[in-house]
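Here's the structure, in structure tokens; my notes come after.
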Amino acid sequence: MTMVGPEIADQTRLLRLLRDGPRSRVELADALGLPRARFAAEVDRLTTQGLVETAGPAASRGGRRSSLLRMAGQVRFGAVVVGDGRLEVALTDGELTLLTRYAEPLDVRVGPEAAVSRAVEVLGKLRAEAGLAKLAGVGVALPGPVTVRAGAPAVAPALPGWHQFPVRDTIAAELGCPVQVDNDANVMALGELHAGTGRAFDDFLYVKLGNAVGCGLILDGALYRGAASGAGDVGHLPLAEDGPLCGCGQTGCLEAYCGDAALVREAVTAARAGRSTALGDRLAATGPLTTADVGRAVTDGDPVAQTLVRDAARRLGQVVVSLVSFVNPAIVIIGGAAPGIGPVLLAEIRGVVYRRSTPLATGSMPIVLSDLDDRAALIGGARLISDQVFAAC
Ligand SMILES: [Zn+2]
């Protein structure tokens, strides 16, 4: 474990404050509680490292005018998101604002070597286009549990053949910058903490839907990973002994009821049985159904599609009831639902949770859909690595 001295802790706090936007020197020195000379020395050190720069005079508060400091303009973090059939890559500035993003289809069954090498190639291209020799760091989100200490995926049904592949070390060696890898629900929770609804809360649950279902836990303003970075891996919680078969080989897991594959499976069954004209027509017209098709049918008012989503949401709601009682979050944020599905899903989850939880846990606890859409994982990836980079300055 790295020992962090008081100067380094001050620099970390300074960088984390500037990550939220420019601030005047006076405000920063006050916020850090540092004498002016010491503060100036820390700023000089960070300026020399190319992390901080002066951004002109601050608005006058009377007396001597202060100058503004901000993250240096050339700081760029990379974010890589793998999952739901896609590879997404983005660059952010030092305040973690998305600057460029790129996406292409990716079947994770091509294996980790091919997928990681493609991610490195795209990152290298975006870096070159930005005219940079080096990125400040790269954060990677994977659709399954990750052994964060090893920077590699644990066994995950959503990532066949990826077990223990050194994702972190491979990308770090190729790009020559720090890299951190984590589970996508954790990364999305960090995105919410930085730029979404979660910004206003120190304790919240981020529930992630999609092919893989998971949960990111923010406690006391920081991501909680647990002893082996497996906290929040709720997709394979058993809900029934004899439920539907799950991708993990077990039956009755949460994901087997409300993952994308489960929704699509139920939609196809309903379409083939002639129970839903909307889904039946879509199946005949476009071939295999997707969650987007289910979402469209829900929006068009198809009662069968709405019932499918409500049934899935009820199962998820039951799990959220337990999580809320256990953790007592200030808010629950739900992300990753296909367009059209969110509102019906949310209404049902709210119904279950408010009906079944204790007033102490849910008295003033909102349950909302994420307002970051598909940006949560990219911003969260940048947040993940910036936390590490800033702590090491
Ligand atoms: Zn399972």
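Every number for a ligand or one of its atoms is a count from 1 in the order of the listing.
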Can a donor-acceptor pair be found between the side chains of Glu192 and Ser370 at a distance below 3.5 Å? yes

Is any protein N, O or S atom closer than 2.8 Å to the Zn ion (ligand 1), and if so, which? His236 ND1, Cys246 SG, Cys248 SG, Cys253 SG

Looking at [Y] and [X], is any side-chain nitrogen of the basic one under 4.0 Å from a carboxylate oxygen of the acidic one?
X	Y	result
Arg76	Asp93	no
Asp302	Arg296	no
Arg383	Asp182	no
Glu95	Arg19	no

For Arg127, enumerate each residue passing the side-chain contact (heavy atoms from CB on, under 4.5 Å) test, keeping only those at least two apart in sequence or located in another chain.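 side-chain contact (heavy atoms from CB on, under 4.5 Å) list for Arg127, sorted by chain: Leu132, Leu135, Leu175.
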
